[in-house]
Enquirer: 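So that we are looking at the same thing, I have put the structure below in structure tokens.
Note that the coordinates shown come from a computational prediction; the quantities given were computed from them, not determined experimentally. Note on naming: letters A, B, ... go to the chains in the order of the sequence lines (proteins, then strands), and numbering restarts at 1 for each one.
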Amino acid sequence: MTALVPTRFLDLRALANLEHMRFATRQRIEGAYSGRHRSRQQGGAGEFVDFREYSAGEDLRRLDWKVLARTGKSYLRLFQDETNLYCTLAIDSSGSMDFGKTNKQRGSKLEFAQYLATALSHIIGRGQDQVGIAVIRETLDTFLPPQGGRNHAQSVQEILEGIRTQPTQNMSAALRELFQRTTRRGVLIFLSDFLMEDVEEVFAALRLFRHRQSEVIVLHLIDPDEERLPEGAAFRFEGLEEEGTVDCSPAEIRAIYEQRFDAHTASVRTLALAEGCDYRRVSTGISYLQVLGEFLVARTG
Amino acid sequence: MFLHPWMIGLGLLAAALPVAIHWLTRPRPMRIPLSTIRFVQEAIAQRRARHWLRDFVILALRTLAILLLAGAIARPLWNREYVTPQDDSADAVRVVLLDSSHSMASETKGVTAFERGRSLAGAELEFRSGLRSNLILAAAQPTSVFAVPSSNFASLRDALADAKALPQRLNVQPALNQAAVMLTTGSKPNVRLELVIVSDFQRANWASADFSVLPKETVIRLSSVSEAATPSNFSINRVAPATRLEVGQETRLEVDVGNYSAAAANLRVQVRLAESIYELQGSCPANSVTTLSTLILPAIAGWQVGEARLLEVNDSLPADNVRPCILEISQPPSFALVTRQSENLRPSSSYYIERALSPGDSGEAAGPKRLFRVEPENLDLASLAAADLIILDHVGRLSADKVTLLASLLKRGKGMLIMASDGADAVNIKQILAATPGMRLPVEFQPQSAAQRGQKLTLSVQQRGQNIFELFGDSLPALLGPLQFSDALQTQRTSGALDEDILAAYSDGSAFLVLAGADTGSLAIVNADLERSNLPTSPLFVPLVGELTRQLLTQKSDAVELSCGESISVSLPGDIENAGELAISTVPESAEPLGDLTQEAFGIQWRAKSSGRPGVYELKRAGQTVFGAATTIPAVESDLRTIGADVFEGRLAGGRDLHFEAYSAGSREKQDRLWIWPALLCLACVLGEFAALKFFRT
């Protein structure tokens, strides 16, 4: 057995404080194996939760014989099955995710996503859950379906480490492909800045996951420098998605820009909530550990 | 047209300045990657609609402001219709005639017409290859810079810069003649002839201009410097006594005041005469000359220098508000009665005249005699020197030298009364008139025919309101009724004579009394033999003779008025002799030539090429003034009304290619002030820019 080598995005020492936390789902899920998460199945091996009147044809093994003997009425004993998590991490690797790369202190949005996704994969893996990775571009670039095991988690983290950005205008096709290649209900965590042109189509694709009763968590990555334009007389802004360059004086458009950006983030949030997604606005100005901790706490409820 | 066209080029360069400044001061952009460039583009697109409008408006206003400023400095002269030569490259002879008469000194809005004219003339004296020019300064006498047109434009412009308006009238025709000579001299095949006249084109001066003296092919350009509205002007046109000034005799001093404005004015005039000051006041109608008068009582005989001055007036031509004068205060007049009749022959024609003119000169009266008799044979200059008036009565046929003497005295200002009664008188009159150029009678006297001898004649008076019979008023018919005459000379009207020149006529149509004036003296002829008439016994006789002599003495005035700048040629009164003892001086003193005095056959002639500035000439002998002349600005220069373009182009052009550029029609003053509009628009653009900035910021 070979020793596992952590990637540069996996800081086990930093994650030590979060070792006791587990990623929890908000709805019942389907899993291949028994686990900590509530299953959509209510079998006879889990924790007793309730009684229900017996109907003809139901499994007589779950009939509560003692109650029948005492009252003469037939009731079934209901138990909540627990299963493991089937989680897919979808990472936006469009060009815009490179924003902030020149900021030595903070790094790019992609790096933030890589740190966060790596930590999540680690925590999910430690919880005996299955985790997979999908790199989203114009098409589905890389997809590693969720599986359990340390080796698989290592593979996920290696894929995360190897993600490179690429100019991408549309992502809905890649998400639809992901949907088609995902055959089970589970959790989809989509980390993106949503600076694509087909935002509505992207959420239409996410709606497909929701229709399948999968839980979709949207982590909207925002660099603080995106929220407001830099101070200065004149800048030549270069697009990261091959949009060319724009010369302007930020002072002249600052207000309009901020209005536009706020409208965009509000639009993304509205679309996400409308589709029943769990939306979280994540500022890359905050440490990914803090974000992760708050996220896990919030998920635990 | 622009006064400074180079400023337009400079303005165009300056107009590019805002763009250049914008480009040069534009911040150098810092390259920075941005994921949200889409929002930047959208923000710019949203902003562009608003800010592009703002930028365009501001840049347009700023550029326009600079262009307008340049336009204002360039001094636009739009609608100024220059008659530009068709071919500037062709050889040309150009004569520029600049009016430098007194009226050109009229000032409007702080600028004289002459200064305006100087700039216009200067524009015509710019160097151009193939062009030869000359400058004529036209006033009383034209003065040209060169004898012939020259290409020495520097000297022409220097002469133009030194030129100034003179207190002289404009003699148009000599200047045109001089220009014609220059143009004719320079006339060659394929050489264009141009005459540029810069003047105020006063009506009085230019109405008789004759351009036909110029070569046919001459292109005449008249460039007016006159305002559209004639500026107001007041002037003193004449200072003179109404009658002869005599010691102890109260006389009316008259001052002609010109009101050349659109409204009537109440004018005050102060007259200083030696130590005395008189003040006259009166209402003067618009555009007319009014005679103001006051009574003066001279106390001392002699020449008195003075001036008349308009008080409290503000007009465009102040120099003519003062007029110098010199007046002679005479002793009571003396008469020379030239007759063959004996002093003792009574009654006789000469006796009646003597009694009428000098009733106090009877044998027993003391004091100097006012009338002395002279035999025609003894007639000479010395015998007549002391007389103010010469009366010829029954003189017989005069010899040629006597006629010449009398004619010369008449020319030198003596008054003369001829009592014509026979054929010899008719011949004498004819000869005297022939020897006196410029003197004309309305009739020609002829001896009576035999058929008319003894015919009784009665008298009728022409034009009662305007002749010497006016003093008899309504009693005149009653006085004329009993009068009877016979054997009067026949008269025949001369060509061009008017009825009003014959003051009284007989019933057969012959003239009874006629007056004729010469340059200085005057002549009256009474066609009557007093011995064959009851006129001497009529109450009309003495007053009539008195009024007649008074009028003759009034017209005879030793003092003369000279127009500034014009040549002096004055025949001194006959009683002034020995030219060598005379000295000429001026008040105020002047360095200009005073002229020469030459002794001629019948007196002294004073000649000078031109008279000087307004003032007084005094001819003195041993410090005593014996003759005086005032040099004055011609009154015609005070009337600033101008002549219209249609008159030039229609009546005066003489078939020449004439173009009139009216100062008022082109609204040159307006044009000169057109710079105000671009300046105001420039200011509006600047204010508009501020408003646009404020508006778009809010």
Side-chain angles (χ1 to χ4, degrees), chain A residues 92 94-103 108-110 165 167-169 192-197 199 221-223 225-265 284, chain B residues 13-67 684-698:
Chain A
D92 174 3
S94 65
S96 62
M97 290 293 283
D98 251 348
F99 182 75
K101 192 163 68 177
T102 54
N103 190 329
S108 67
K109 287 186 286 187
L110 180 63
T165 59
T168 303
Q169 303 292 337
S192 172
D193 55 7
F194 289 96
L195 293 175
M196 65 286 284
E197 288 187 350
V199 175
L221 303 178
I222 295 174
D223 191 295
D225 288 342
E226 287 178 328
E227 295 181 80
R228 57 189 178 279
L229 289 175
E231 296 290 341
F235 288 92
R236 172 167 292 171
F237 294 118
E238 296 175 329
L240 299 175
E241 310 280 13
E242 295 182 340
E243 299 115 320
T245 60
V246 173
D247 289 348
C248 78
S249 184
E252 294 177 350
I253 58 165
R254 190 182 305 282
I256 302 173
Y257 173 85
E258 288 174 3
Q259 284 174 7
R260 292 265 167 182
F261 189 81
D262 291 345
H264 169 73
T265 52
T284 60
Chain B
L13 286 176
L17 210 59
V19 181
I21 289 172
H22 174 76
W23 189 80
L24 290 172
T25 59
R26 184 179 60 163
R28 297 286 174 264
M30 183 188 296
R31 297 173 73 89
I32 186 169
L34 185 67
S35 56
T36 53
I37 194 168
R38 180 154 54 99
F39 301 135
V40 172
Q41 287 170 333
E42 288 174 0
I44 289 173
Q46 183 180 339
R47 170 197 165 277
R48 186 166 293 157
R50 181 183 174 88
H51 286 72
W52 183 88
L53 181 64
R54 185 198 68 174
D55 292 347
F56 176 79
V57 168
I58 288 173
L59 185 66
L61 286 172
R62 198 171 291 176
T63 308
L64 194 60
I66 290 174
L67 284 174
C685 285
V686 172
L687 293 175
E689 187 181 327
F690 283 124
L693 283 170
K694 180 103 177 153
F695 172 77
F696 284 107
R697 184 173 293 176
T698 53

Enquirer: Taking the six-membered ring for Trp, are B:Phe39 and A:His264 parallel (under 30°), tilted (30 to 60°) or perpendicular (over 60°)?
Expert: tilted
Enquirer: How far apart are the closest heavy atoms of B:Ala43 and A:Ile253, and which atoms are they?
Expert: CB-CB, 3.9 Å
Enquirer: For A:Pro230, is it the side chain, the backbone, both or neither that has a heavy atom under 4.5 Å from a heavy atom of chain B?
Expert: side chain
Enquirer: Atom OG1 of B:Thr36 and atom CG of A:Asp193: how far apart are they, to the nearest 0.5 Å?
Expert: 9.5 Å
Enquirer: Of all the heavy-atom pairs spanning B:Pro29 and A:Phe235, show the shortest one and how long it is.
Expert: CB-C, 3.7 Å
Enquirer: Salt-bridged, B:Arg38 to A:Glu243, with N to O below 4.0 Å?
Expert: no
Enquirer: Under 4.5 Å heavy-atom distance to chain B, tell me which part of A:Glu241 shows up: side chain, backbone, both or neither.
Expert: neither
Enquirer: Using a cut-off of under 4.5 Å on heavy-atom pairs, state which of A:Glu238, A:Glu197, A:Lys101 scores highest against chain B.
Expert: A:Glu238
Enquirer: Give, as side chain, backbone, both or neither, the part of B:Leu34 having an atom under 4.5 angstrom from any heavy atom of chain A.
Expert: both
Enquirer: In the structure I gave you, are the side-chain heavy atoms of A:Cys248 and B:Val40 within less than 4.5 Å of one another anywhere?
Expert: yes
Enquirer: Does any backbone or side-chain atom of A:Lys109 lie under 4.5 Å from a heavy atom of chain B? Answer side chain, backbone, both or neither.
Expert: side chain
Enquirer: Roughly how far, to the nearest 0.5 Å, is the CD atom of B:Gln41 from the OG1 atom of A:Thr245?
Expert: 9.0 Å
Enquirer: Can you tell me how far apart CD1 (B:Ile37) and OH (A:Tyr257) are? Round to the nearest 0.5 Å.
Expert: 10.0 Å
